[in-house]
Structure formats: structure tokens, C-alpha cells
Amino acid sequence: QVQLVEAGGGLVQAGGSLRLSCAASGRTFSSYTMGWFRQAPGKEREFVAARSRSGPSTYYADSVKGRFTISRDNAKNTMYLQMNSLKPEDTAVYYCAADPTSFSGSTYYRDYEYDYWGQGTQVTVSS
């Protein structure tokens with residue numbers, strides 16, 4: 001089992017940047033598929049980005065491609081989401097997620113495939 005704790009959210013003006021972090025407990029962090037999702041008020045939770053269990057493969061929602069970067073530091077048991085050129089429509093609660101299995105294809109994009117979730121961190125982008 002793994003516990004996830006997000007940090008780094010806050011209020012930022014449009015065009016600004018934030019870096020979210022997701023600290024994971026446990027010694028097997030490196031063997032987990034990791035992802036970021038977000039949920040805006042009145043909307044369903046949506047996929048943002050994911051990183052494969054092994055290897056450098058990354059996946060992004062079209063809405064954040066080119067602006068957000070997902071990375072992981074296995075030595076620190078931490079995953080990051082660097083968010084640049086933020087827009088008001090990026091306002092949401094951001095959640096990190098993890099799963100001990102290897103994903104492929106569209107699996108990365110489905111929130112119900114992930115077994116473990118953090119509590120979320122609020123990101124607000126003002127216009």
C-alpha cells in the first residue's frame with residue numbers, strides 16, 4: 001500500500017507557474033504507475049498527465065500538452081507536475097494517483113484504473 005500527499009497548490013495569475021509535488025510513502029514507489037488528475041467545480045475529474053511505471057514514457061491531456069511536465073524522483077519517492085503558462089481554465093483541485101500495475105494505451109487516462117489517491121491540492125488561476 002502507498003500513501004500520497006500533494007503539495008504546492010495556490011493562487012497564481014494567468015501566465016504564471018506552479019510546481020505540484022506528490023510525496024509517496026513506502027519503499028516501492030519506483031514500481032508504481034503515477035498520474036495527475038484534476039477536478040474543477042461542477043465538473044468530472046479529468047486526466048492531466050501520467051508517467052509509466054518504468055521507463056521515461058509520459059502522457060498528457062491535450063489541454064496541457066506543451067505547458068505541463070510530469071516527472072518523478074524515485075530516490076525521493078516524489079512525483080512532480082510543473083505547470084507553466086497557467087490559464088484560468090486550469091483552476092481545479094489536483095490529485096495525484098498511483099497504481100502498482102503496468103498500464104498501456106488508454107489505461108493511463110482512466111481514473112478508476114488507479115488504486116491510490118492523494119487528498120488533493122487546490123490550484124486557482126486568476127485572469
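All residue numbers refer to positions in the sequence shown, counting from 1. Keep in mind it's a predicted model, so treat the numbers as computed, not measured.
Tracing side-chain contacts under 4.5 Å through hydrophobic residues (I, L, V, M, F, W, Y), one never reaches Val48 starting from Tyr80; they form parts of separate clusters. Residues Tyr116 and Trp36 share a single hydrophobic cluster, defined by chaining ILVMFWY side chains whose heavy atoms lie under 4.5 Å apart. Leu81 and Tyr95 are not part of a single hydrophobic cluster, where members link through side-chain heavy atoms under 4.5 Å apart.
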**Message:** side chain to side chain contact (heavy atoms under 4.5 Å, CB included), that's the test. Do Leu4 and Met34 meet it? Break it down for me.
**Reply:** CA-CA 11 Å; Leu4 306 173; Met34 302 294 294; 4.3 Å; yes
**Asked** side chain to side chain contact (heavy atoms under 4.5 Å, CB included) between Arg45 and Trp117: does it pass, once the steps are laid out?
**Response** CA-CA 12 Å; Arg45 187 163 55 189; Trp117 291 83; 3.6 Å; yes
**Tyr60/Ile70 under side chain to side chain contact (heavy atoms under 4.5 Å, CB included): CA gap, chis, key distance, verdict** = CA-CA 9 Å; Tyr60 295 95; Ile70 186 172; 3.4 Å; yes
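Applying the salt bridge (charged side-chain N to carboxylate O under 4.0 Å, His left out) definition to pairs two or more places apart or across chains, those involving residues 112-127 are Arg110-Glu113. For residues 57-127, the set of pairs meeting the disulfide bond (SG atoms under 2.5 Å apart) definition, not counting sequence neighbours, comprises Cys22-Cys96. Counting only residues at least two apart or in different chains, salt bridge (charged side-chain N to carboxylate O under 4.0 Å, His left out) contacts with residues 55-64 comprise Asp62-Lys65. Residue pairs satisfying the salt bridge (charged side-chain N to carboxylate O under 4.0 Å, His left out) criterion with at least one member in residues 80-107, sequence neighbours excluded, are listed as follows: Arg38-Asp90, Arg67-Asp90.
In this structure, the ring-ring contact (aromatic ring centres under 6.0 Å, His included) partners of Phe103, at least two apart in sequence or on a different chain, are Tyr108, Tyr114. Scored by the salt bridge (charged side-chain N to carboxylate O under 4.0 Å, His left out) test, Arg72 finds no partners at all (sequence neighbours excluded). By the side-chain hydrogen bond (donor to acceptor under 3.5 Å, both in side chains) test, Gln122 is found to be paired with Thr124, residues two or more places apart in sequence or in another chain being considered. Partners of Ala14 under the side-chain contact (heavy atoms from CB on, under 4.5 Å) rule, at least two apart in sequence or in another chain, are Pro88, Val125. Partners of Asp73 under the salt bridge (charged side-chain N to carboxylate O under 4.0 Å, His left out) rule, at least two apart in sequence or in another chain, do not exist in this structure. By the side-chain contact (heavy atoms from CB on, under 4.5 Å) test, Ala23 pairs with Thr78, sequence neighbours left out. Not a single salt bridge (charged side-chain N to carboxylate O under 4.0 Å, His left out) links Arg19 to another residue, sequence neighbours left out. For Phe47, the ring-ring contact (aromatic ring centres under 6.0 Å, His included) partners two or more places apart in sequence, or in a different chain, are Phe37, Tyr109.
Nearest heavy-atom pair across Thr121 and Gly9 is OG1-N, 3.2 Å. The shortest non-hydrogen separation linking Asn84 to Ser17 is OD1-OG, 2.9 Å.
Remark: side-chain polar atoms of Ser25 are paired, donor with acceptor, to backbone N or O of Gln3 under 3.5 angstrom. A donor-acceptor pair under 3.5 Å links the side-chain atoms of Arg53 to the main chain of Ser31, judged by distance alone.
Proximity of Leu20 to Glu6: side-chain heavy atoms (C-beta onward) are nowhere separated by under 4.5 Å.
Note that CD of Gln13 and CG of Leu11 are 8.0 Å apart. Values are rounded to the nearest 0.5 Å. Going from atom OG of Ser30 over to atom CG of Asn77 covers 8.0 Å, rounded to the nearest 0.5 Å. To the nearest 0.5 Å, the span separating CZ on Phe68 from OG1 on Thr58 amounts to 14.0 Å. The distance from atom CG of Leu18 to atom CD of Gln82, rounded to the nearest 0.5 Å, is 8.5 Å.
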